[in-house]
Amino acid sequence: MRDSLLAQRKSSEGARHIIEDAPMNEDLVRFLKARLDEEADLARRCDGDGCGEWSAHGHTVDFCQVELSGFHPTIALHVALHDPARVLREVVAKRRILARHVLSPAVGDPELPWDDRHDCQFDGDPWPCDDMLDLASPYARHPDFPRRA
């Protein structure tokens, strides 16, 4: 995609300013996919035998294979909330959102967006759209977070 945008940059004098943010767009999508891959991998490793859902009972978290006690009840609930099966469902849902909200570049678009700018193919908002930024916001302090996002 980046190569095609660079080729369009060379061939489109009037649209030169539009493509300046293209690397950030690709970087943001790659960054989000990498974080989702990491979360899914970690969740799979935490539930190697598919034993069932984690649950909290007072000061104890039942991890299916073992129970650990000594947690504050609120922390036990929080830990149980990160049950691997639920995390994997959340990753799938986020991937569907990511797949819907793809870049629709202004250059070469037969229905040139308003203001001659990149937009989101799903909702027509400026790219990256608010949903993409919302997906990225929990990772804002990650060392690989694209700084121009």
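Keep in mind that what you see is a predicted model, and the values were worked out from it rather than measured.
With rounding to the nearest 0.5 Å, the separation of CG in Asp62 from OG in Ser69 is 11.5 Å. Remark: Glu38 CD to Tyr139 OH distance equals 8.5 Å, nearest 0.5 Å.
Annotation: salt bridge (Lys or Arg N to Asp or Glu O under 4.0 Å) contacts of Arg100 (sequence neighbours excluded): none. Legend: residues meeting salt bridge (Lys or Arg N to Asp or Glu O under 4.0 Å) with Arg95, ordered by chain and number and at least two apart, are Asp37. Remark: Glu90 pairs with Arg86, Lys94 by the salt bridge (Lys or Arg N to Asp or Glu O under 4.0 Å) rule, at least two apart or across chains. For Asp144, there are no salt bridge (Lys or Arg N to Asp or Glu O under 4.0 Å) partners, not counting sequence neighbours. Contacts of Asp131 classified as side-chain hydrogen bond (donor to acceptor under 3.5 Å, both in side chains), with partners at least two apart in sequence or in another chain: His101.
Clustering ILVMFWY residues whenever any of their side-chain heavy atoms sit less than 4.5 angstrom apart, transitively, puts Val102 in a cluster other than the one holding Ile97. Hydrophobic clustering (ILVMFWY, side-chain heavy atoms < 4.5 Å, transitive): Val29 and Leu36 are in one cluster. Cluster membership check: Phe145 shares its hydrophobic cluster with Met132, using side-chain heavy-atom separations under 4.5 Å among Ile, Leu, Val, Met, Phe, Trp and Tyr. Hydrophobic cluster membership differs between Leu77 and Val87, with clusters built from Ile, Leu, Val, Met, Phe, Trp and Tyr side chains linked at under 4.5 angstrom. Residues Leu28 and Leu98 share a single hydrophobic cluster, defined by chaining ILVMFWY side chains whose heavy atoms lie under 4.5 Å apart.
Taking all atoms of both residues into account, the shortest heavy-atom contact from Ala80 to Ser55 is CB-C, 3.7 Å. Thr60 and Ala76 make their closest contact through O-CB, 4.1 Å (heavy atoms, listed as atom of the first residue, atom of the second, distance). Taking each heavy atom of Ala43 and Pro84 in turn, the nearest pair found is O-CB, 3.2 Å.
Dense packing is recorded around NE2 of His142, with more than 12 heavy atoms of other residues, nucleotides or ligands lying under 6.0 Å away.
Through side-chain heavy atoms spaced under 4.5 Å, either directly or across other Ile, Leu, Val, Met, Phe, Trp or Tyr residues, Trp54 is tied to Val61, Phe63, Val66, Leu68, Phe71, Ile75, Val79.
Cation-pi check for Arg35 over Phe31 is met; the charged atom lies under 6.0 angstrom from the ring centroid and within 45 degrees of its normal.
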